[in-house]
Protein chains: 2
Amino acid sequence: MNLPPLLQSFVLHFGEMGSRWGINRTVGQIYALLYASSNPLCADDIVEALSISRSNVSMSLRELQAWNLVILKHIPDDRRDYFTTPDDVWQILRTLAEERKKREVDPTLSVLRELLMQTPGSEEERHAQARLAEMQTLIEQLTKWYDDVKHLETEQLATLLNLGAKVTRLLDAKDRIVSLGRKRTEPKTS
Amino acid sequence: MNLPPLLQSFVLHFGEMGSRWGINRTVGQIYALLYASSNPLCADDIVEALSISRSNVSMSLRELQAWNLVILKHIPDDRRDYFTTPDDVWQILRTLAEERKKREVDPTLSVLRELLMQTPGSEEERHAQARLAEMQTLIEQLTKWYDDVKHLETEQLATLLNLGAKVTRLLDAKDRIVSLGRKRTEPKTS
DNA sequence: CATTGATTTCAGTAATTTCTGAAAACAATG
DNA sequence: CATTGTTTTCAGAAATTACTGAAATCAATG
């Protein structure tokens, strides 16, 4: 591997992190390299930069394409494929979220739905179903939120983030006012 | 493996999913089993239920404990350790988020910070740093939001989720009103 | 349609991760 | 402090995953 030290550290870190993220080392390294490079790279550039086999690069690029994480570019009078990542980090985040949901959440949700259709054959199964139902409800709430939020423009998304928990403080205030209004007729509930 | 069919399907699914989630099959299966069982299980119960070696169970339980995903219980007049998962799925979600952040985000953030302290030695490095800075900014925004939101009570969290993108629609309305107020003096910007 | 340059596939190998059984460590009890 | 029941450790075996090099495929060009 023959890269400027800073880039090398970054690439190596992404490689190590790869396993924790469910992608393999090479895929992580290639992604990091493409992300931080100022211009698109072709497969041979990557072979050289990371000292790995041509076929490994081919496989890993295919994997990255399956994740929609790289963009294919062409350079005039050059038949080779060149690759980059999107410029906009927010767009990258969106893609990542979408793909992880597809791979890591959706299959579970569909298994849960299927298992909850079945008629429990014992007390043990009845309890298990109740637990699965709790899990299903949670996941559905989360994905509903996600579906709602994913269409937002970057700027709005940033606003939402900055707002954070403040939103609920606002709602709390509203609730207090409402319950204050009720107090006259309905005394303390709990 | 000798479990009621429903439970078995669930356990097997979590096992398969495990690899995508960066945990291994056995750990996933044990977690699923504990999650869906109506009472705490001891190591030998798990050995029997999943037909795996005692030592594998020991290692995997240790892993789950490191993730704070299981609760240790004791049963009167029984020296063995029994395990369950927390009842509250929201609490489980919180733990999961916290642990994943610790393992998957924080290390990257600290590498980014370190690399951004360095003085770039070339144009290539300068560009790389600019990219890393973009990534850092994004991650910091996300973790800031997370730190803000993680303290919320379950009910408030649910409210926040249900609100979803509506929050920004509210803010948009406000913006429109504000810009309407400005229109008289400042004509179209773009 | 042969040539050249590029990419992909795939069988075999290497590396890594997971799992096991045997032994060690631990802890409660008489 | 020996006994019994329990958990942990760890070296090696098994399984899985990643990587390579050689051959096959593909696609543009004269």
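Lettering follows sequence order; numbering is per chain, from 1.
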Next on the checklist: Within residues 12-28 of chain A, which residues have any heavy atom lying less than 4.0 Å from an atom of DNA chain D?
Outcome noted: A:Asn24, A:Arg25, A:Thr26
Next on the checklist: Using side-chain contact (heavy atoms from CB on, under 4.5 Å), reason through B:Asp87 and A:Glu134 one step at a time and then give a plain yes or no.
Outcome noted: CA-CA 10 Å; B:Asp87 280 338; A:Glu134 287 177 55; over 6 Å; no
Next on the checklist: A side-chain contact here means heavy atoms from C-beta on lying under 4.5 Å apart; do A:Ile71 and A:Pro86 qualify?
Outcome noted: yes
Item to check | NZ/B:Lys150: more than 12 non-hydrogen atoms of other groups inside 6.0 Å | outcome: yes
Item to check | Face-on cation placement of A:Arg103 at A:Trp67 ring, 6.0 Å and 45° thresholds | outcome: yes
Item to check | Atom-pair distance (CZ on B:Arg80; P on D:dT7), nearest Å | outcome: 7 Å
Checklist entry - Roughly how many Å is it from CD in B:Gln29 to C1' in C:dT18, rounded to a whole number? => result 12 Å
Checklist outcome for this item: When rounded to the nearest 0.5 Å, the distance separating OG1 of B:Thr143 from CG of B:Asp106 is 7.5 Å
Checklist entry - Counting only heavy atoms not in A:Gln91, do more than 12 fall under 6.0 Å of its CD? => result yes
Checklist entry - Can you list, by residue number, the residues of residues 63-75 of chain A that have a non-hydrogen atom closer than 4.0 angstrom to DNA chain D? => result none
Checklist entry - Are any of the side-chain heavy atoms of A:Leu115 and A:Gln129 separated by less than 4.5 Å? => result no
Mind listing the N/O atom pairs, protein and nucleotides 24-28 of chain C, below 3.5 Å?
residue: C:dA27; atom: N3; partner: B:Arg79; partner atom: NH2; Å: 3.4

Checklist entry - Should the pair B:Phe10 and B:Tyr35 be assigned to parallel (<30°), tilted (30 to 60°) or perpendicular (>60°) ring geometry? => result tilted
Checklist outcome for this item: Those residues at least two apart in sequence (or on a different chain) that pass salt bridge (Lys or Arg N to Asp or Glu O under 4.0 Å) with B:Asp148 are A:Arg169
Item to check | side chain to side chain contact (heavy atoms under 4.5 Å, CB included) partner of A:Val11, chosen from A:Leu33, A:Ile30, A:Leu34 | outcome: A:Leu33
Next on the checklist: Any residue in residues 30-61 of chain A with a heavy atom nearer than 4.0 angstrom to DNA chain C? Just list them by number, or reply none.
Outcome noted: A:Arg54, A:Ser55, A:Ser58, A:Met59
Checklist entry - Any side-chain heavy-atom pair from B:Glu104 and B:Glu99 closer than 4.5 angstrom? => result no
Item to check | salt bridge (Lys or Arg N to Asp or Glu O under 4.0 Å) contacts touching residues 75-86 of chain A (sequence neighbours left out) | outcome: A:Asp78-A:Arg80
Checklist entry - Looking at B:Arg54 and B:Glu48, does any basic side-chain N land under 4.0 Å from a carboxylate oxygen? => result no
Next on the checklist: In whole Å, I'd like the distance from the CG atom of B:Asp81 to the C1' atom of D:dT7.
Outcome noted: 8 Å
